[in-house]
Amino acid sequence: MALSTTAVCPCGSGETYGECCAPLHQGVAAETVVSLMRSRYSAFVLRLEGYLRKSWHPDTCPAEMGLSGATHWKRLEVLEHDQQDGEQEQRGWVHFRATFQEHGRWQQLEEASRFIRLDGRWVYVDGDARVTALKPGRNDPCPCDSGRKLKKCCAV
Ligand SMILES: [Zn+2]
Ligand SMILES: [Zn+2]
């Protein structure tokens, strides 16, 4: 899926795609684990399988990515992050929450992801994830964080 560089970036940074995740998707190395993580979230939204593979540790990258299009990513919140730029080894982690809709059901993935810098590029290794179901009412604020009621926003 291609996105205009003037569109709002899917990672929710508030910047345009061209000023946020697009350069990374085009091959620029991420400077921080957070920007890599955000670009991977955007890549899930845009179903950029090649980018997801490139930014995934070869030992843990799954053979089947499962980007069926059934999962609609709605919101990303980065809760905490840290990185260590040691001389021998560079590691980082990001704790985030991602809200998505699948077959009309709302769910939230909360994950502490581990990253490592491999040949100068950050890659995703693995994470401790937990998925919980959300049950927003039609008059509740939309879980996508638009500020509108669900029935006027992402209701299906
Ligand atoms: Zn972005
Ligand atoms: Zn919404």
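Both ligands and their constituent atoms are indexed starting at 1 by order of listing. Quantities reported herein were computed from a predicted structural model and do not represent experimental measurements.
- The local environment of CZ in Arg105 is sparse, with at most 12 non-hydrogen atoms from other residues, nucleotides or ligands closer than 6.0 Å.
- Listed by chain and number, Cys142 SG, Cys144 SG, Cys153 SG, Cys154 SG are the protein N/O/S atoms closer than 2.8 Å to the Zn ion (ligand 2), with waters left out.
- Paired with Trp73 under the rule ring-ring contact (aromatic ring centres under 6.0 Å, His included), one option of Phe96, Trp106, Phe100 passes, and it is Phe100.
- A salt bridge is defined here as a Lys NZ or Arg NE, NH1 or NH2 lying under 4.0 Å from an Asp or Glu carboxylate O, and Arg91 with Glu89 meets this definition.
- The only member of Pro141, Pro143, Cys142 that meets side chain to side chain contact (heavy atoms under 4.5 Å, CB included) when paired with Cys153 is Cys142.
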For a quick test of your reading: what N or O donor-acceptor pairs under 3.5 Å do the side chains of residues 26-37 make, sequence neighbours left out?
{"from": "Thr32", "atom 1": "OG1", "to": "Ser35", "atom 2": "N", "distance (Å)": "3.1"}
{"from": "Thr32", "atom 1": "OG1", "to": "Ser35", "atom 2": "OG", "distance (Å)": "3.0"}
{"from": "Ser35", "atom 1": "OG", "to": "Thr32", "atom 2": "N", "distance (Å)": "3.4"}
{"from": "Ser35", "atom 1": "OG", "to": "Thr32", "atom 2": "O", "distance (Å)": "3.0"}

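- Within the protein, the N, O or S atoms lying under 2.8 Å from the Zn ion (ligand 1) are Cys9 SG, Cys11 SG, Cys20 SG, Cys21 SG.
- To the nearest 0.5 Å, the span separating CG on Leu52 from CG on Leu67 amounts to 6.0 Å.
- Salt bridge Lys151/Asp140: absent, no basic N to carboxylate O contact under 4.0 Å.
- Listed by first and then second residue, the ring-ring contact (aromatic ring centres under 6.0 Å, His included) pairs involving residues 137-156 amount to none (not counting sequence neighbours).
- Ring pair Trp56/Tyr124 is perpendicular by interplanar angle, where above 60° counts as perpendicular and below 30° as parallel.
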